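Here the structure is a predicted model, which means the values were calculated and not measured. Residue numbering restarts at 1 for every chain, and letters A, B, ... go by the order of the sequence lines.
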2 protein chains.
Amino acid sequence: MEDIDIAINERCRDVLLAIIEGYFATVNPVGSKFVSENYHLNLSPASIRNIMAVLEDGGYIYQPHFSAGRIPTAKGYKFYIESLMKTEKISKKQKETIKKTFRLENRNINSILHQTSRALSDLSHYTGIVLAPETSLVSLLHIEFVKVKPNNILVIMVFKNAIVENRLIYVYKDIKQNELNRYSGKLNEIIEKRDCGIDDLRDIIESEIHDARENFYSILNDMIFNFTNNIDQNMDNCLYIGPETVLLDEPEFSNNEQIKLLVKAINDKKIIIKLLGLTKSCTTKRIFIGSDAEWSEISGLSLITAPYLSEDKALRGSIGVIGPSRMNYSQVIPIIDFIAEFLGEII
Amino acid sequence: MEDIDIAINERCRDVLLAIIEGYFATVNPVGSKFVSENYHLNLSPASIRNIMAVLEDGGYIYQPHFSAGRIPTAKGYKFYIESLMKTEKISKKQKETIKKTFRLENRNINSILHQTSRALSDLSHYTGIVLAPETSLVSLLHIEFVKVKPNNILVIMVFKNAIVENRLIYVYKDIKQNELNRYSGKLNEIIEKRDCGIDDLRDIIESEIHDARENFYSILNDMIFNFTNNIDQNMDNCLYIGPETVLLDEPEFSNNEQIKLLVKAINDKKIIIKLLGLTKSCTTKRIFIGSDAEWSEISGLSLITAPYLSEDKALRGSIGVIGPSRMNYSQVIPIIDFIAEFLGEII
DNA sequence: ATTTAGCACTTAACTGTTATGAGTGCTAAA
DNA sequence: TTTAGCACTCATAACAGTTAAGTGCTAAAT
């Protein structure tokens with residue numbers, strides 16, 4: 001299985017490009033005759049076969065069975081994307097259309113992310129995904145305690161990026177709303193004075209408000225414990241996935257087992273979160289190709305991801321598109337790049 | 001296609017029961033010989049064939065092709081569930097286990113609903129779904145305005161059922177946090193005095209606070225417009241669906257097209273919301289069987305739903321389980337009933 | 001030194017035939 | 001009223017044969 005290191009000359013590149021484009025067009029293994037007839041390389045099938053043998057040694061293409069044509073491998077796709085493909089620039093008009101699809105007024109972050117995943121799906125015609133930014137590190141803007149019923153207090157925390165999180169907590173001693181207001185007032189004072197995240201706040205409280213009542217401590221403990229503890233739970237909410245059913249109709253998923261793998265791969269949010277998470281901390285886009293080292297679970301699918309970053313750099317997440325490996329990279333990649341940038345601007 | 005009205009006597013019932021149970025066990029069309037040999041009805045295959053012909057005329061069973069055994073129809077399943085099946089009671093021990101799976105402390109409603117869908121999935125071994133209760137009709141408990149940045153105000157509304165909703169709105173005139181606090185203080189006074197939902201509040205404001213500044217009106221207008229306008233959007237969030245991939249491995253979905261239909265049916269949330277919505281306003285459970293009048297899109301699947309109702313009757317939603325039509329109704333139904341009741345208690 | 005034509009070979013996919021087995025409906029006997 | 005017997009239908013699997021696509025290799029041509 002180890003690829004032989006081969007020198008890829010001009011002719012090799014041409015043939016590889018022809019195979020990849022031919023495969024994109026027909027979704028069938030591409031043979032030497034087909035390349036010779038449809039791409040004006042001025043080479044006979046026999047010559048092309050020779051070159052194909054070289055490309056196969058190099059690990060760029062493979063044969064599904066002995067007497068079949070060739071199909072690009074993950075390595076082949078990567079080479080294509082990096083070196084062979086001509087990226088189409090996204091037109092100004094298209095940019096305007098994208099911007100229009102976001103109704104910007106009166107939005108909470110939830111619906112922006114939702115809308116982003118839809119925009120990605122609509123424009124790429126594949127499945128758009130959006131990983132929400134982490135909130136745990138963002139500074140707090142406002143805290144509110146609301147007594148819902150005896151012993152039940154709703155803790156609402158507003159972060160500087162307008163994200164609102166809330167938890168209902170149970171306290172053993174009943175506390176009046178008035179008293180709760182005093183607590184929250186005190187905390188908001190602290191927050192206003194200095195920039196602090198949820199963990200910082202806890203430290204500050206411990207070191208500064210020694211005279212606080214016990215209640216106060218227990219509420220805060222519960223609150224923070226709960227927040228940090230529920231992150232894992234919230235992971236589900238953090239992922240916005242567009243319609244996966246469009247992928248089902250792609251010709252490579254005509255086989256029974258392939259379909260099941262596809263559905264399972266997309267429903268296995270853990271893996272997708274892992275892959276998108278890898279991108280989140282990058283500065284540039286990444287491409288995962290099915291059966292690749294990083295995404296070995298399924299072949300035939302590709303995931304293109306790009307990070308986004310809010311202007312104040314407090315918010316960091318990533319977006320992506322899942323499609324068949326033979327998707328139209330030259331169109332999809334600029335769309336993702338643009339939407340990632342645009343999303344960074346508006347959040 | 002019209003079913004002939006037939007009298008179902010004791011023997012018919014026995015044979016139908018045998019066919020249904022046989023089909024559940026083997027997932028294959030059930031023939032007369034099989035029934036005769038495996039169920040001690042003391043009848044020869046030939047007699048059973050005669051009875052089968054009657055059941056087929058009545059529309060309770062059908063043949064996939066001429067020389068095949070019989071499979072229950074939707075009508076057959078319904079008759080089985082209503083008249084033939086012995087419902088297993090859920091044991092006290094099982095009840096305890098269910099209760100334990102809910103960690104009750106420090107929860108927001110989101111995670112409770114999430115957990116419910118998981119519990120449904122785990123216990124039934126199929127796909128659990130939960131439709132969140134409508135919030136638009138619930139009374140308000142608390143309102144808060146937080147200035148996020150110039151011209152951007154975050155509106156947070158807490159309802160009496162501890163549900164928190166928030167929207168970021170844009171206002172043309174910049175308002176200081178102090179002034180916002182005065183506004184929210186005023187609104188909270190009103191809310192405290194009388195029970196009112198979001199629409200009521202608007203009416204009260206219009207008729208009572210004539211001296212309010214223009215800003216105040218415009219904020220409120222935006223806020224309420226946005227809330228009522230975004231309900232449709234939020235529908236997506238309202239549905240919690242358990243793992244659908246478990247259904248893929250059921251033997252009836254071995255065929256290519258069937259799998260696609262299955263995935264599409266489950267991903268088409270509109271239909272599921274419609275079906276669950278039908279149940280929400282009912283007082284008792286309902287069962288939808290695939291290819292039925294109400295759920296014609298897919299055959300082979302069944303949806304069992306039950307409404308839940310909070311103690312104060314303010315919250316009304318529904319839960320359900322999607323599984324193959326030959327699922328173990330006698331076990332799944334009591335589980336759903338119990339969880340629906342339990343969920344009503346804890347929210 | 002390349003390139004290519006020619007040829008033998010491999011494989012998947014399709015075709016047609018046949019056999020098998022499961023299950024039926026009907027009729028006549030018990 | 002029940003059942004044994006029989007002719008019939010249809011799906012499925014197995015088998016052999018054919019076709020078409022595509023390959024690798026070698027020897028001839030450029």
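Considering only side-chain atoms of A:Ser44, the nucleotide from D:dT23, C:dT4, C:dG25 that sits closest is C:dT4. Distance from the side chain of B:Ala46 is smallest for D:dA4 among the nucleotides D:dA4, D:dT23, C:dT24.
Computed from coordinates, the B:Ile48 CD1 to D:dT1 P distance equals 18 Å when rounded to whole Å. As a whole-Å value, the separation of B:Asn50 CG from D:dT1 C1' is 10 Å. Atom pair A:Ile71:CD1 and C:dA12:C1' shows a separation of 13 Å (rounding to whole Å applied). Atom CG in A:Asn28 sits roughly 15 Å away from atom C1' in C:dT11 (whole-Å rounding). Going from atom CG of B:Leu43 over to atom P of C:dA30 covers 21 Å, rounded to whole Å. The nearest whole Å value for the distance from the CD1 atom in A:Ile51 to the P atom in C:dT2 is 13 Å. Residue A:Asn255 contributes atom CG, which lies 15 Å from atom P of C:dA12 at whole-angstrom precision. Residue A:Tyr62 contributes atom OH, which lies 17 Å from atom C1' of D:dT23 at whole-angstrom precision.
Side-chain contact annotation: B:Thr279 with B:Ser318, donor-acceptor N/O pair under 3.5 Å absent.
Between A:Arg70 and A:Ile19, the shortest heavy-atom contact is O-CG2, 4.0 Å.
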Q: For the pair B:Glu252 and B:Gln258, evaluate side-chain contact (heavy atoms from CB on, under 4.5 Å) and give the outcome as yes or no after the intermediate values.
A: CA-CA 8 Å; B:Glu252 42 263 82; B:Gln258 278 285 316; 5.8 Å; no
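Taking for each of B:His65 and B:Arg49 the nucleotide of DNA chain D with the nearest heavy atom, the 5'-most of the two is the partner of B:Arg49. Toward the 5′ end of DNA chain D lies the nearest nucleotide of B:Asn42, the other residue of the pair B:Asn42 and B:Ser67 mapping further downstream.
For the side-chain contact (heavy atoms from CB on, under 4.5 Å) test with A:Phe253, the passing option among A:Leu261, A:Val263, A:Ile259 is A:Ile259; the others fail.
Here B:Phe24 and B:Tyr80 bring their ring centres to under 6.0 angstrom of each other.
In terms of phosphate contacts, B:Arg11 brings a side-chain nitrogen or oxygen within less than 4.0 Å of OP1 or OP2 of D:dT2. A close approach under 4.0 Å does not occur between any side-chain nitrogen or oxygen of A:Ser47 and OP1 or OP2 of C:dT3. Within the structure, every side-chain polar atom (N or O) of A:Arg70 is placed at least 4.0 Å from both OP1 and OP2 of D:dG22.
C:dA29: Watson-Crick or G-U partner is D:dT2, with both key distances under 3.5 Å.
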